[in-house]
Structure formats: structure tokens, C-alpha cells
Asks: 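Attaching a single structure in C-alpha cells format; questions to follow.
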Amino acid sequence: MADGGDGGPGAAGGRVPAQPQERALWCDERFDFQATFLQCLAKHVPNIYSAEMDPLLEKQEEMVQAAILYPLERYLFGEDPDTFLEKLQQSETSQLCGKVFKGGETTYSCRDCAVDPTCVLCMDCFQNSIHKNHRYKMHSSTGGGFCDCGDTEAWKAGPVCTKHEPGASGSPKENSECQLNEEVMEHSRRVFPSVIKYMVDMLIWEEEKELPPELTISREKVDSYYCVLFNDEHHSYDHVIYSLQRALGCELGEAQLHTTAIDKEGRRAVKAGRYASCQEAKEEIKRHSENVSQRPLHVEVLHADVMAHQKFALRLGSWLNKLMSYSRDFRQIFCQVCLKEETGSGKPCSISKLMLWDAKLHKGARKVLHELIFSSFFMEMEYKKHFAVEFVKYYKALQKEYISDDHDRVLSVTALSVQMFTVPTLARHLIEEQSVITTITETLLEVLPEYLDKNDKFNFQGYSLDKLNRVYAVIYDLRYVLISKPTVWTDRLRERFLEGFVSFLRILTCMQGMEEIKRQIGQHIEVDPDWEAAIAIQMQLKNILLMFQEWCACDEELLLRAYKECHKSVMRCSTNSSRLREKTAFHLCGHTLESRPYRVSLDPVSIHLPLSRTLAGLHVRLSKTGRISRLHEFVSPEEFQVDLLVEYPLRCLVLVAQVAAEMWRRNGLSLISQVFYYQDVKCREEMYDKDIIMLQIGASLMDPNHFLLLILQRYELADAFRRIKPTKDQELIKQCNVLIEEMLQILIYVVGERYVPGVSNVTKEDVIMREIIHLLCIEPMAHSAITKSLPENENNETGLENVIDKVATFKKPGVSGHGVYELKDECLKEFNMFFYHYTKTQHSKAEHTQKKRRKQENRDEALPPPPPPDFCPAFSNVVRLLNCDVMMHILRTILQRAVELETHLWTEAMIQMVLHLLSLGLLEEKQQLQKSPEEEVTFDFYHKASRMGSSALNAVNILMLLEKLKRIPQLEAQKDMINWILQMFDTVKRMREKSSLTTVAATSVSEATKGDETQSTQDKEKAERKRKAEAARLHRQKIMAQMSALQRNFIETHKLLYENTLEAQGKEDAIMEEESMSSIDYSRIALGPKRGPSVVEKEVLTCILCQEEQEVKLESAAMVLSACVQKSTALTQNRSRILELSGDTLDPLFMHPDLPCGTHTGSCGHVMHAACWQKYFEAMQLNFRQRLHVEQIFDLENGEYLCPLCKSLCNTVIPIVPLQAQKINSEDAEAVAQILSLARWLEIILVRISGYSVKNAKGEKQNAPAFVNKGLGSSALEFNSILSFGVQSSAKYSSSIKEMLILFATTIYRVGLKVAPNEADYRIPMMTWSTCAFTIQCIENLLETEGKPLFGSLQNRQHSGLKALVQFAAAQRTTSPQVLIQKHLIRLLGVLLPNFKMEDTPSLLEVDMFHVLVGTVLSFPSLYWEDAVDLQPSSISSAYNHLYLFHLTTLAHITQIVISSAKESPTARSHDNSEEACSAQSFCREVCQYTSGCFSQDIPGWLVWDCVKKGIMPYLRCAALFFHYLLGVSPPEELQQVSEEGQFKALCSYLSLPTNLFLLFQEYWDTVNPLLQRWCADPVVLSCLKGKSIAIRYPRKRNSLIELPEDYSCLLNQASQFRCPRSSDDEQKHPVLCLFCGAMLCSQNTCCQELVNGEELGACTSHALQCGAGVCMFLKIRECKVVLIEGKTRGCLYPAPYLDEYGETDPGLKRGNPLHLCRERYRKLHLLWQQHCIIEEIARSQETNQIFFGFNWQLL
Ligand SMILES: [Zn+2]
Ligand SMILES: [Zn+2]
Ligand SMILES: [Zn+2]
Ligand SMILES: [Zn+2]
Ligand SMILES: [Zn+2]
Ligand SMILES: [Zn+2]
Ligand SMILES: [Zn+2]
């Protein structure tokens, strides 16, 4: 059928016209479309989808297009579909974006313009919108939402991006609505109903075996069935795989394939066959799955035809989905058809049918359906409304389905609610017409009854978290509906809202008093009850409660009616539950309270009182509007019963007090948590805060004395204030004291806390400012910390930004840490020590900070309350509490006890609170006196406080008590405060006395003068006090210092000591050096006859483990440095190179000049005795073996351990070998120079080598060097000539040092090559030299990038590590067979010696010369070895050996540079005819000649010289470091500074080189000439010169981490465009960026796992193996985190180096503020890499954050 099928590029292009007769059928105008359509489907669908088990998807699609879709479209459009759709596409643009988000996709919301936080933009729209420059937030979508671009109701400004603006996409027509022609419309009306009906019918089809009759025509039924497995959230991946393998007996691979498909699509046929066999398979699968997880998998047996039609129905769904995007007319017709009910049937319309069936559909079907809804209904406002109406109509049923569904919410149709409910007009419509609030609350009531107890209260004991989470979704819908307050109220809206509110009160009624608890006495409770569910609901409800209150407050009538309803509900609950006990009377100070007995400590109590609190909320709103005066019209005073309203909130506060007094200890942690949340910022607005307000309501409406008596009684403190003989029980006394403190605190709050709109005349801004001020009074805080401590409103805003700048100043962060806000000075006066949102710790911290500050400013330490704002009229009576009799009694009693020194009956805290209350009273009176004439002020606090009582108890007045209090030593700290109060008394007294307003003014003047008088005496007193305080402070400090010194743990202490000594030592060294420098100006040349002396000091080191000192000597026991050896790719330029994972066959003698992968040795610089270290290591091994379950940070098997001092990760130790001081007599040396020319030296070596090979050849067959014995014999040279220039005996190392040499060398070999340890392997010396060279190169590189001088700027640890490493490398030779060393040396020399080349000698361009240098220098002494006699070259011999070896490698390197820079083109003209340029020119001529013209002569000499001079620098610097650490010769001073020119000269001088490097060639021309010829003639060199291959350029480029964009959203953008290279599905990906090479990887996903050595590794882990030799640094873009990983088992996470405008990072993009790159932090990461400290960092972080252990790094 498809002869042209493969001609087109894709499905659309490859469409084939149907066969002629069929086409004719479709085109017939008279035919019955429905029948024809079904006929066609019945005929084709089962055929097309016949191979369900193993479908050829492309083929299927081709057939569908040809047989069904093409004719269908042809009929629908009346012309060729492609042409038609193209035309349509060009003319039509929608104003809505409508992009549906996938999980993990970044969404943007504008904090300035979004109507609510659910309004979001997709990345594209955001980038093209005005909001890009606003305060935006970035978030990661959970999937299922869609882009609100174009929705005018979602945005206050800028609703459309430039892309979706009408007429933006180049549409020529102004009116972009393209009308379909009438014919197409007509056809659509005919086609859509049939298509939709078929789709709906098939999707909800329930018969397994049968099809509807109209689809079964003309086919014989075949007995072909499938066993179909469905997805659920209950079974894990592994469960399913296991069950399938067992039940079907299939291979792992096949089972995995099935499982992945099921997870993705939602269902899959796992077996085909006859009915019986499928049925059997079904039972098997169920049985096996039930065995593993208690619940069987969902399996069905379906007839092949049913399966085929269902599949095609979905295909039609996506076909429609595509069609919807083309035209508004299609959308509208589609919606109309979907909404059409079958007339008279009473059955739901098509779309509702599908919605109702949603929970029964499989995942894939749901996705298609939801997408279709998005692309049709949600793109047309009118139909969105219709859809919403249908949705609400079936809301209850849908939610119930969802709650028992086992799929995530994203996959449920109920998740669409947010798209409708948050649209303000829609929400209003749904409330008015569909009573949506009532619907939602009723749904809640219907789904929650299983949690109701016998009293009809909720009780969530033993709840299921999953199920309750689903219930929260319903609660959330309520929030969505209420999120935008209506501005216009209609009667209907008011009625419907009130109806909803009343319905909501029913839910609150079930919560009022739920989960009651009773104090446990005697035994501790056995199990902590579940409390989380109730608190979680409370949290969910917080903003909904607030929104209800706000809605009510929109309208006066509504508010009063809502108040009435709420009051009714509260009363109903209160009278129901109070078990009617007889009232009893309580007398105190002549006042009597009659109340029903109740004790929190004995009777049940609940902290859940949402009804009471809602009432309190409505009350303050009523007070705010001033309409509280009308309250009596709605609630009669008799009904009001304020004491009953206060009762329950009061009980709750008493409970909190009793918990603080530890009376509820036996009730476990659950209660502690509840009390915590009760006061926490997440809940307090609708819990704690409202309870305080309710008490204020009580205080304003009740008689103050009665109110206080009630408080005393509920706090169970009646006896405490009745002077009854106190008990002796210390425990009870303590309890009682805490209760008194708690009660006083509440009294302070009731009277003093007025920062609530409606309680006083403050604005919301004032309230937030006050919160912030009090937070910042504790300490300066980060933006996010402040945000977290402030309550969020329904839009997740705290209002912080609007006010923060008024009260605080921002301080920027440094390289670490974050920016903080500091309180402005002028705000300090607002500080209230008893701020009601302070926790106990915050309270004492703030008090401490503020007192300290005042002390620093030389002021007194009194912290009186700031004058509070006036109460609103409705609350004005609260202040009467202060001057009522009972209050006076309470205050006086406490003061009296203090004065009488009844120590156990009072506390300093109590006194502080009493003083605070006194201050409040005095402030109140003063304020009133300032406002009105004296005689009108009835508030007589002064009078009451200074009045003497008649009874014995009242014998002394408060003023007198205060005077006495001043003299109590325990209250020294309160003295300033007492003085302040006494002054206030004085002020108020004088205001009372001089009553006229004018005199008040006068008094304030005289007050001032009087103030001056008292000032001087006060000053004296103050000075004296200050002196004493200072003395006390110093004493305290001393003691504290001693204490903390003792407390600090042992190692800490010694670490300090140790580091100090090191530093001191360093200084001494420097001084000694300086001295010796000035006295003898010895040579600063390291090589050759002029070699300077080694500068060596006696080295005495302290073992960090046993703290004993020891001098480092050859013959003593070894001391070691802890060290870490690791493979490293830090220097390579070519990260795409494939690294060998195991070095079994690797020959590491020659290093490639790109330095692809080296072995780095680092040390933390801490010294131990070898013996101490071994003991330590063994102890650790033992320790870990005993605690097998402890997951360890380090791998003991591989020798890993943590440095005992600094805890950095180490895997070996470097033995410390002392440098052997050498000094040569330069006259002798110069004399030798006469005989020992380079030529002669070479001859001698050649003779020696050939002698060895003869010797060796006798024994065994060796690959003897094939050198030509040319110049031999001309002189009397023989085998032993080499010894004639001086030998000495080899150093004798102690056995312990030897042992350590072997151990360390083996580690380098093992780690560097990733092989099993083998002490005898021939590659051990090679690896030693290699790590020595590579480590030096790394350090040189680091110094250069950091811009530090070569010498003198290394960190201590780097310095001692390098010193030990080089000395070790020199000594290691002695532990290997000398024959082996010689063999290696001979191979190395192959690169350097003329007339001497071995088979495997690499070409000049393939070898790093510095590695050759290090190798030859370190192995050279082996040539001096004689049978059984350990000899080594004398100092003079060494000096020449080093000089010639260095000169030879330098010559080779210069040649490398010249050849590799042949392609260099001159950037600037220069006519530099310096000597160097001329030499360069002539050198080039030679090279040109030897390369037979391949090397171009045209390169100007100055350019060549320039290249050489620049290119050779790193090599020279490395060589200088190497020889310095090897020989101990001091470097020239210039190398301790940073200067380009000076450095080059100094290096040349130190290394005995002419500054015109080409002179070397001239000097040695005869010797070098053949060598140069050999180098140049090499085929590799020639091919490079011909441009066929590329050589490394010098200097090598220095690595840095990849460039990151300044704006983080650029990265997110990049990530959103990321497509996994291995899979094309639309599932969420975790794109991760490699910071070394810039590769973007698909992390944590099975699609990109790699099989390495038989192990599945995630994309990152396997990339790291190649890119960073196992160590790598990634950026997880979506999470905004940096990941460091090492190997397969270790890693750690860091915040990305991006900061928001508040100087804070945002790991996880939780806050979502715009982020910008912080270069300093990024540089820190760069250094971490180049210093090879990544592993160390990981270990350190793992030690501190043990949570990462659980993470499977392998699959990253
Ligand atoms: Zn968009
Ligand atoms: Zn847009
Ligand atoms: Zn904006
Ligand atoms: Zn020791
Ligand atoms: Zn250490
Ligand atoms: Zn990489
Ligand atoms: Zn992938």
C-alpha cells in the first residue's frame, strides 16, 4: 500500500492517498459519515494494530495515515491536508501560549505583576516579556500546569509576551482570526461528533472480549488475546521486573523492557495468545506480585481487537490535539460537541464522561486526554467556563475517585482545578452559580468521616499519609477559589459565599477541640500519638482561614452575619463539651469570681480551636471597621458570654505554660512538637496570636479583676498568691515559679501587644516592620533567614521587601557566607524585650545583644518597653487590667518576696516582668496625661502603686519596695531598670501635681534641670559601677579562657601548638637564611661547576600522634608525612582522549606532552612517626571491623584514612628523607671541566652502557640497546671510566625508612596505574619519577595562575609535601634492583643521546621533556653501581651529570618548541635584530635543512625567539623547583618576586643556561648536530610539519573551569533545550554540566547509564572516569548545585556559585530569586580543582553531612 511511503521525510510528508474507491466513498456527499467512518475503522484498525507485542511503530503510523487519517482529513478540509493546514497555520495565531509543562521544567512568575503565584510563564514567553526586568521567581514545575502568557486575568501588567502579541508573528491581517470556510465548518460539525463518540466509547469500554456491534462487522472473531499489565504507584520497578520474570519465565532484559514501557505508557501487553493462556499468565503475575508486596499488580486480559481500537482511540486523541492548535473554529466546534448532552438521557456529556472515567484510565490515555483539554477548552475562555461548570458539577465524584486512585496528582484530572479556580472571574462565577465553596467543603466533609470520633471530632491517629495528602489537594482548591478577593459584591455572591462559609464552619466544628490530650501522671506514655496530620491540616488551613476573614471583612453586612454564624458555632461547641460542673467561688483582694472548676493539669485539653480563633479574627476586623457598635443587633449580650469565649484559648495558653514548667514530661515528644508549631511562624497567626487576641477581647469586655482571677485560677496559681504556707517540695516550687513567669508574660502580652490592625490603628506594614526590627535586634540576619521567620500570605509573600530598607541596611557577603541585614540605629528604640514572638532563646539572645550594645555606648542598661500605640476603642478597656486591685496584688506580692529574700519563691525573670508591667502602667498614665487634662484621666496607676494597703500584706507600697529592691545584690543587673521606673514615677507624679497644660510644659523644663543635678551623682555612681563591672568582666574572661582551653579536645589543642611551632620554625629558618646570606654571598647556581652549597638545617619534627620530637636522620626511625595520591587530568587540554581505565599493560616511562593523565601526590603537611602512624592505621581498621554497619567515608582496603590532625583524606604516607648536604670546591670543579666536556661525558656513558649490555647479555637475552659503537676506542675509555671523576658510597637508610620507601612507592604504583599492589613490579620506579615530575608541574601551574612568585609563596603543606616527595624520589632508587633502574635509564637516554636509539624510543614530539629530565636525573646514579658495592657519584660528578642532562633535555625541548611553533604567523612586525633573533634564524636554517624543507625558513628569527622564550618558561620553572628541592641550593632572589623579565634571567642563571638559549646549540654543535638530525628526521616530526598532525604548542594552555553565564536563567534555558542523546521520550531529564569540559549530560537516568567493567554507572560517574580520571565537578542545573564526585562511591553537593541580590545562594532553587554568577566563588572552585583538593573536600563534607551516605553516587 505504501509505495511512496519512504519518499517523504516524516509522517506528514509521507502520506499516501488512499485507494481510489475508498476515496470515492469518503467524498460522496450523501453518505452517512458515522457509519462509513466506523466501517472504515472496523476494517483497518485491528489489522494495523495487530502486532501489539512487538510493534513496528513507523509502519503502524504509516498505515494509520494512509488508511484512515488521510481520507478523514481530506474529507474534512476538502483539499489536500498539508496545503490546507499550512495555509491555516500562517493565518492563525492564538493569543494564549498554553504550553503545558513537563515535570522539572523551569517556570517563571513575576512578583510585581502576577495576580497570584500560580500564574506562571514558560521560559520562552518569560524571556520575551517585560517581567524579565521585574522581581521574578524561578521554579521547577511539578508537571501538568500551563503557561499563562496571554491570559489578561493572570497579570496586572504585561500579560502577553512579544511572541504572542496579536499580529506579532508576521500575520498580515489585523484581525488575526481566520474564519474557516463554511464547508469545512460543516464537515467539522459532522466529523467531530463521530470521532469524539468513538473515542469516548473506546476509552471507557469495559468488555474484555467484545467490541460494540458496529465495529464487529464483516470480521470473524479470532481467538487472539493479550495479557495486559497496568502501571501503579504501589509497586516498585524491581517488584514488577521480578514478578514478570517469575510469572512469564522471561529474561531480565525483556522484563526490564516491559517494565520501562509500563512505567511510561501506563500499560503494556506482556503476553499474547489464546484466552486461557493469557488468563493463566494473569493469575501467575498476580500471585507473584502479591508475594513480594502484599498487593497484586493490576492485570487484565483483553481481546486483540479491543486493544487495537483503544490504541487507535488515543491516536485520534492526539490527532485532535494537533488539529486544535490550528484554528479557533475547530476548538469551538470541538468544545460544543464535547459539551452536548444526549437529549433527555440525563447522562453526562462526552467530556464529563471522560473526566469521570479519568481515574480508571491508564497513564498514557490520561496524558492524551489532559493535553486535549488544555489545547481546546483552556484556550477558549468561554469554553473554559463551561468546562469549569462541568468540573464543579462532578467535583465530589472526581475528588473521591482521585483519593482512591493510585496515581500521582499530576496524572489526575483533578489537578486541573488550579487552572480554573484561580481565574478571578471564573472563581466568582463558580461561587455564584455553582456554589463551589460549599461543594468543596462538602466534599471534604464526605471524604473525612473515617477520621471522626464518637464526639464528631477529627482524630487522625493511624492515618495514611498518602491518603491525607490527597485530601490536602481538596483543601488547596479552597485556597485557589479564595485567592483573589472580589471587588464588587452582588447579593447572590454574598449569599453563596455566606453559605460556603457556614459549610466551612462545619469543618472547623469538627476540628474545634479535636485530639484532646490528658496529662500523664505516674507512668510515661507508651507510644507518642500521631500529631503531624492535625498540625499539617492546621498549616494548610492557616491562609484559608485568613482569606475567609478577609473576604468577610470586604462587606460590613457580611462581616456581621459571618460573626453571628461563627459565634453560634463556638457557643455550640463550648456548651456541648463543658461538662456541667457546679460553679464555685474564688475570693481574692475582696473580689470574687464564680466559675466552673476546670484544671488543665487534670482535665482533657486540646490545642485545636479554629472556631474560637476565627471568631477572634472576625472580632478584630469588626473593630477595625468600627462597626462593632452594631454587634448587639446580631448577637445579644446575653448570648455573648465572653467568659466562655475566653475559656478555651486560655486553657491552651495554660497548657503551653505547664509544658514549659515540665509538668507534661510524661506525655512525650508529640506534645512538645505540637506546642512548638502552635507558636511557630507557620501556624501562629491562626493559633497562638489569635489566642492572645481572644484574651484581649476578654480583658476588654470583662471586669478586670474577674478577668485576672480567672487567669490566676486557670494557671492554677490561686494559692500561690494567697500567702498560704508554701510547700517544701522543691520540684513543686520550681514548677510554680515557671507558671508565675509564664502568666506574667501573658499579662504583658495582653496589655502590651497591640500590633494588630483592629487592636490598634497600625497598618500591615507597621506589623512587618516590627517583626523585622525584633529579629534584627537579636543579630544581623540574611534575607532568607528573615523571610523564613515571617509569616507568608496566600501569595507566599511576606511583605519584607516593601519595608526592609526602612529599618535595615544591607551588608554584602565575602567569598563565603552570605549578605546580611543590619538594623538601623534609629530603630533600636522600638525594641521590646518581651516581644511575644520571641522564643525563649531569642528572648535572652536579644536581651544580651541589646544590653551589650548599650554598655558599649556607655549608657545605662535599662531596657524599658517602647510606648505602645493606643488601643482601638473596642479594646481600650484592656488597660484597666494594669491598675486593678488584683494586678496590684500580684505585683506587690512578687516584689515583697524579693525584698524579703524568700529566695526560692521568686526569680530574677519574674522581677523583670513585674518591672515591665510597672513600666507599661506608668507609660500609659503618662500618655493619657499628655493627651487630656489631669482631672479627666481616671487611669490612676501612680496612685494605686504608691498607696499603702491596710492589711499586713499591703503594708508597704510598690514605690518603697522598689527602693529596697535596688539594694539587693542578686538584682544588680536590674538596677538601671529600677532607676528608670523610679524616675517615671517621679515624672507622672509631677504631671499629676501640676495639672494645667502650661505647667506640664514647665515641668518638663524643670525636669530637665533637675535631671542635670541628679546627673552628676549618677555619673559618679555609674563610673564606680563601671570600674567594678570592668574588673569583674576581666576576671570572668580569664576564667572563661581557662575553661575553654581545658574543654577543647586534645587534638585541637595540639593542633594549635603544632601549627605555632611550625610557623615559628619557618621564621627561624628565614632568619638564619638571611643571616647566612648577608655573611657569605654564596653561589646561587644549582648546576655545573659553579654549583652553590646546599642550605640544610637540622630538621626536628614533632609527631602529631605522640607529640614527641625527633630529628630527621638517615639512620633513625622513619618519620612520615600523611599524603594523598590521585590520578589527575588537571593539566590536559584534550579531554576527549580515551583513558585506559586499568594500567595493567601501560608503560608509564614516557609521558605524552599533553600530560593527559598524571599521578599527583599531595600532603596536608602533618608529620608522624612511621610506627605511630602504623599503630593508628591498624587501630582504625580494627575499629571499623567491629562496627561493620557504619558506612565509612574512606576505603580502608585501599589504604585510606583521615589525617588524625586535620581530617583530610589520605591514602598513604611519604617518608621524610633528609637532604644530603653537598658542597663542592669550585676550583676543583672548574679543573674537571677541562677534561669532562659534553662530548667526553657522552662517550663515557656510552661505554658504561655498552659494558652493562655486554654483561647482561651473558646472563639473559635482553633487548640490548642497538647503538652504534662509533667513537669508542679512540681513547682509553673503558667500562669503569665513569667512576674516575669521583664516587662516594651510597647513603645508608635505616630499615624503617627503607620500609616506608617501598610502601609509598607501591602506593603510587597502585593508585597511579589502578592495579593491584606488587612490590616487585618493574614500573614502580617509573611511577615514582612520574609523580614527582607531574606534581611539580601542577604546582608550577598553580603558582602561575595565582600570580605568585615561584619561590617563597608555597603553602606550608605544599612546601613540605614537595620537599619530601623529591627527596623520596631520589632515595627510592636504592630499594629497587639497580639493573632495573639502569634499564629504565637507558630507555630514557634514548631520547637524548646521539647515535643511540632503541626500538621504543618515542619521537621528539611525543614525549614531555620535563618528565625525561626528572627520570634521567633520578636514575642516573645507578650507572655508578658496581657489583656488591653501593657507589654513587661524588658531588662534583653529580654537578656535571645534572648539568649535561639538563642541557640535553633543554636542547630537546627548544627543538620541540621551534617545531611546534612552525605554524605561528607573525602578529606584529618587528625589526628586532638582536643576537637571540640571529641565533634563532641560523638554528632554523639547520632545522629546515634536516627536515628537507618541511620546516619553513620564512619564519622571522625574532618570532622564533619569542616563541621559545615564552614556550620554555614553564619547563624552566619546573626545573628550578625540581633542582632546588633536590639539591637545596638557594635560588636567586628574583625568583621570590613576580617579574617576567627578571624571572627569565634568574632562571637561566640558576640553571646554568646562557640567556640566549640558542648559544647552547652553538656551544655543543658537534655533539648536538647528529642528535638534531635524528630528531628532525623522525616521521612523526615530518608529518607534523607537513600539517598532517598537530603537535602540542608551548607554553601549554593553562586550564580553567568552563565559562559560566552571568545570569542563571541562561543556564536554565540551556537546560530546557537539552535533549538526551539516547532517548526521545518527553520524560523529565536532569541535565548536568561538566565544569571541566562543558559537556552536558543526562544524569540519574537509566537511558544514559553506561556499563563499565560490568557495573552500571550513571552518565556523570562514567563521564568523570574519562574527563577527570574519576574526580570531577558538575553543575546540576535544575537544582542549582555543584556536585563533586570521586570514583563510584563518593561525592558531595555544594551550592552553585550564584548569588541572589541579597548575597545568598539558592540550592534547589527553593527561593527562586534571580541569580548572578559570583566570580570569587567560582574561582574558589577552580582552585579546589587545580590544588587537587576535591577528594579532600568530599571527605570533609561527608564527615560533616552524613546524610549523603544514602545517595547512590554510582548512578549519578
Ligand atoms: Zn509560554
Ligand atoms: Zn508568550
Ligand atoms: Zn512583571
Ligand atoms: Zn609518634
Ligand atoms: Zn593533616
Ligand atoms: Zn567533562
Ligand atoms: Zn539520557
Side-chain angles (χ1 to χ4, degrees), residues 108-117 119-121 125-137 148-149 154-161 1051-1052 1054-1055 1058-1059 1062 1101-1105 1120-1124 1129-1130 1132-1139 1156-1157 1162-1168 1173 1176 1201-1214 1355-1358 1360-1361 1364 1599-1602 1632-1641 1643 1659-1675 1683-1685 1714 1729 1733-1736 1739-1740 1743 1756:
Y108 292 84
S109 180
C110 180
R111 298 175 62 198
D112 296 328
C113 313
V115 164
D116 66 70
C119 301
V120 288
L121 291 176
C125 289
F126 172 74
Q127 296 290 354
N128 291 305
S129 75
I130 58 168
H131 311 294
K132 209 179 154 186
N133 302 315
H134 297 176
R135 295 183 310 146
Y136 63 85
K137 287 246 179 197
D148 288 309
C149 181
W155 308 96
K156 292 178 210 149
V160 196
C161 72
I1051 280 210
E1052 269 316 290
H1054 286 85
K1055 183 174 169 185
Y1058 178 77
E1059 268 167 11
L1062 232 194
L1101 298 173
T1102 313
C1103 167
I1104 55 167
L1105 287 168
V1120 293
L1121 268 183
S1122 53
C1124 179
T1129 62
T1132 181
Q1133 287 305 311
N1134 183 3
R1135 294 198 173 272
S1136 51
R1137 185 194 309 269
I1138 304 291
L1139 297 180
C1157 181
S1163 164
C1164 60
H1166 292 140
V1167 184
M1168 296 166 275
W1173 171 69
Y1176 170 75
Y1201 64 98
L1202 296 184
C1203 166
L1205 189 54
C1206 67
K1207 306 289 173 204
S1208 35
L1209 187 88
C1210 301
N1211 54 13
T1212 187
V1213 288
I1214 315 177
Q1355 292 170 17
N1356 251 335
R1357 52 182 281 183
Q1358 288 170 323
S1360 39
N1599 275 323
S1600 56
L1601 295 178
I1602 58 159
V1632 162
L1633 192 65
C1634 172
L1635 293 179
F1636 288 180
C1637 69
M1640 186 90 87
L1641 308 165
S1643 153
C1660 287
T1661 317
S1662 61
H1663 176 83
L1665 283 181
Q1666 288 304 329
C1667 192
V1671 180
C1672 212
M1673 198 182 278
F1674 298 102
L1675 181 65
V1683 193
L1684 308 180
I1685 62 166
W1729 173 34
C1733 288
I1734 293 179
I1735 298 185
E1736 197 176 309
R1740 196 164 293 149
E1743 213 201 13
L1756 187 74

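When a ligand or atom number is given, it counts from 1 through the structure's own listing order.
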Asks: Tell me the closest heavy-atom pair linking A1364 and L1121, and the distance in Å.
Replies: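 Heavy-atom minimum between the residues: CB-CD1, 3.7 Å.
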Asks: Kindly report the SG-the Zn ion (ligand 3)-ND1 angle for C113 and H131 respectively, rounded to 10°.
Replies: 100°
Asks: Relative to the Zn ion (ligand 5), how many protein N, O or S atoms have a separation of less than 2.8 Å?
Replies: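 My tally for this metal is 4.
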Asks: Using a 3.5 Å distance criterion without hydrogens, assess whether the side chain of R1135 forms a donor-acceptor pair with backbone atoms of C1667.
Replies: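 Looks like yes, one N/O pair under 3.5 Å.
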Asks: Tell me whether K137 at atom NZ has more than 12 heavy atoms from other residues, nucleotides or ligands lying less than 6.0 Å away.
Replies: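 Counting neighbours around NZ of K137, more than 12 heavy atoms of other residues, nucleotides or ligands fall under 6.0 Å, so yes.
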Asks: Keeping T1129 on the side-chain end and C1157 on the backbone end, is there a donor-acceptor pair under 3.5 Å?
Replies: no
Asks: Do F1674 and L1641 have side-chain heavy atoms sitting under 4.5 Å apart?
Replies: yes
Asks: Could you tell me whether the side chain of H1166 and the main chain of P1204 form a donor-acceptor pair under 3.5 Å?
Replies: no
Asks: Write down the atom of C1124, the atom of N1211, and the distance for their closest heavy-atom approach.
Replies: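 Looking at all heavy atoms of both residues, the closest pair is CA-OD1, 3.3 Å.
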Asks: Is there a donor-acceptor contact under 3.5 Å from the side chain of S1163 to the main chain of S1122?
Replies: yes
Asks: Checking one value in my table: which N/O/S atom of H134 lies closest to the Zn ion (ligand 3)?
Replies: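 The closest N, O or S atom of H134 to the Zn ion (ligand 3) is ND1.
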Asks: Leaving waters out, which protein N, O or S atoms fall under 2.8 Å from the Zn ion (ligand 6)?
Replies: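 N, O, S partners closer than 2.8 Å: C1634 SG, C1637 SG, H1663 NE2, C1667 SG.
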Asks: Output yes when a side-chain donor or acceptor of W155 lies under 3.5 Å from a complementary backbone atom of C110, and no otherwise.
Replies: no
Asks: What orientation do Y1176 and Y1201 show, parallel under 30°, tilted 30 to 60°, or perpendicular over 60°?
Replies: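 If you compare the ring of Y1176 with that of Y1201, the planes turn out perpendicular.
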